[in-house]
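A short write-up of the structure that comes next.
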Amino acid sequence: MPELPEVETIVRDLAPQLTGHTLKNPRLLKTDVLRKVSRKRLLASLNGHRVASVRRRAKHAVFELDSGLRMVIQPRMTGVLTVYRRRLTQEDRKYAVLLLSLGGGATFMYRDVRRLGTIWLLDERQWHAYTDSIGPEPLEDDFDVQQFAKRMSGSRQAIKKVLMDQKRIAGVGNIYANEALFRARVDPSRPANRLRQDELVRLYGEVRSVLLEAIEANGTTIRDYRTGTDESGSFQSLLQVYGRTGEPCVRCATRLVTTHDIDGRATTFCWRCQDRSD
DNA sequence: ACGAGGTCCTGCGAGC
DNA sequence: TGCTCGCAGGACCTCG
């Protein structure tokens with residue numbers, strides 16, 4: 001799915017096109033993405049309301065309305081959020097979940113092939129309860145290495161799994177967990193609470209730099225991901241391990257290997273550069 | 001508390 | 001060519 005850099009790209013593209021605009025003619029084509037909100041209440045809460053802001057939190061796009069309610073969309077694996085300034089074709093609409101008219105011929109669309117994505121509608125209290133329940137943003141200025149080290153070392157689970165735990169740090173998914181661990185030369189299966197200080201320092205730096213570089217590249221398009229202007233990202237050409245099983249390590253030329261030992265997710269790494277060192 | 005595994009969905013590519 | 005199978009960027013749940 002879109003991870004932090006992809007949702008950040010989407011939100012940067014969408015914000016200028018949505019902020020200050022009044023939403024008209026909301027159409028919900030699929031209801032299985034709704035969580036704790038009825039179709040009727042969602043549509044009524046959108047229709048005629050102005051968008052106050054479009055922001056990212058973790059891997060979610062957050063649309064704050066003038067009513068104070070927030071529509072939160074988690075694109076998960078295959079969700080795409082785009083504003084179109086042309087007439088939509090049948091092909092465009094094939095996987096449409098939510099359509100909103102923005103005026104001036106512009107249309108916002110959330111489409112989602114697998115529909116593992118979700119739409120929430122949260123009031124102020126529910127929003128704060130949620131945002132307080134997940135981890136801090138790794139790219140915030142005040143997210144320092146001590147905070148990172150403390151959050152990682154509180155678990156003896158595999159460091160890769162802990163990196164991807166949204167309750168510990170927000171926004172890191174499978175691609176960037178693989179990349180950051182490779183860059184930091186840390187074995188993904190190491191128990192998080194057994195990393196040395198120097199490894200935690202490296203990992204902290206690499207998590208932040210890989211996320212920043214991916215944002216600069218407008219995210220990673222493997223298959224489904226599109227930016228808010230329906231374009232592909234370009235970070236896929238800069239991946240060093242993810243999707244490169246059997247190819248040579250960029251550092252030592254050893255063939256990269258993939259396991260599914262950690263939480264059943266694909267972990268690609270260099271057993272030589274990321275040797276366990278405990 | 002932890003790990004394992006199932007669940008929600010559809011599409012695609014590999015292999016036969 | 002056409003079929004079945006496993007896998008896919010996520011996160012939630014239950015069970016033992």
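All figures in this text were calculated on a predicted structure; none of them were measured in a lab. These values consider heavy atoms only, across backbone and side chains, with no hydrogens, waters or symmetry-generated copies.
Side-chain N/O atoms of A/Lys59 include one lying less than 4.0 angstrom from OP1 or OP2 on C/dG10. Considering only side-chain N and O atoms, A/Tyr95 lies under 4.0 angstrom from the phosphate OP1 or OP2 of B/dG11.
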Salt bridge (charged side-chain N to carboxylate O under 4.0 Å, His left out) assessment of A/Arg196 paired with A/Asp198: CA-CA 5 Å; A/Arg196 297 186 310 268; A/Asp198 63 297; 2.9 Å; yes

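Put simply, CG on A/Asp224 is 14 Å from P on C/dA8, counting in whole angstrom units. A/Lys30 has its NZ atom 16 Å from the P atom of B/dC8, to the nearest Å. One can place NE2 of A/His260 at 17 Å from C1' of B/dG6, the figure rounded to the nearest angstrom. One interatomic measurement links the two molecules: CG of A/Asp112 to P of C/dG9, which rounds to 15 Å at whole-angstrom precision. We find that CG of A/Asp165 is positioned 13 Å from C1' of B/dA1, with the value rounded to whole Å. Distance A/Arg265 CZ to C/dG9 C1': 7 Å, rounded to the nearest Å. The NZ-P distance, from A/Lys161 to B/dC2, rounds to 9 Å in whole Å. One can place CD of A/Gln74 at 8 Å from C1' of C/dG10, the figure rounded to the nearest angstrom.
No N or O donor and acceptor, one from the side chain of A/Arg223 and one from the base of C/dA8, sit under 3.5 Å apart. Contact of A/Arg115 with B/dC9 (side chain to base): no donor-acceptor pair of N or O atoms is detected under 3.5 Å.
Taking atom P on both nucleotides, B/dC9 is separated from C/dG2 by 30 Å, rounded to a whole Å. The P atoms of B/dT10 and C/dT1 are separated by 27 Å, rounded to the nearest whole Å. Nucleotides B/dA1 and C/dG10 place their C1' atoms 22 Å apart, quoted to the nearest Å.
Nucleic acid contact class of A/Tyr242 (heavy atoms, under 4.0 Å, all strands): sugar-phosphate only. Within 4.0 Å (heavy atoms only), A/His60 reaches no atom of the nucleic acid at all. Counting any heavy atom pair closer than 4.0 Å across all strands shown, A/Gln166 reaches sugar-phosphate atoms only and no base atom. A/Thr220 comes within contact range of at least one nucleobase, with a heavy-atom separation under 4.0 Å.
Between A/His60 and A/Tyr130, the ring planes lie tilted relative to each other; the angle falls in the 30° to 60° range. Ring planes of A/Phe148 and A/Phe143: perpendicular class, angle over 60° (limits at 30 and 60°).
Applying the 6.0 Å contact sphere to CZ of A/Arg87 captures no more than 12 heavy atoms from other residues, nucleotides or ligands.
When each of A/Glu3, A/Glu140, A/Glu8, A/Glu64 is checked for a salt bridge (Lys or Arg N to Asp or Glu O under 4.0 Å) with A/Arg56, only A/Glu8 meets the rule.
A cation-pi contact, defined as under 6.0 Å to the ring centre and within 45° of the axis, links A/Arg251 to A/Phe182.
In the set C/dG9, B/dC2, B/dG11, B/dC2 carries the atom at the smallest distance from any side-chain atom of A/Arg156. Candidate nucleotides B/dG11, C/dA8, C/dG9 were compared by shortest atom distance to the side chain of A/Arg114, and C/dA8 ranks first. Checking B/dC9, B/dG11, C/dA11 against every side-chain atom of A/Asp32, the shortest atom distance belongs to B/dC9.
Using the Watson-Crick or G-U wobble rule with both distances under 3.5 Å, C/dG9 pairs with nothing in any strand shown.
Nearer the 5' end of DNA chain B, as judged by each residue's closest nucleotide, is the contact made by A/Ala158, out of A/Ala158 and A/Leu116. Judged by closest nucleotide on DNA chain C, A/Met77 is the one of A/Trp120 and A/Met77 placed further toward the 5' end.
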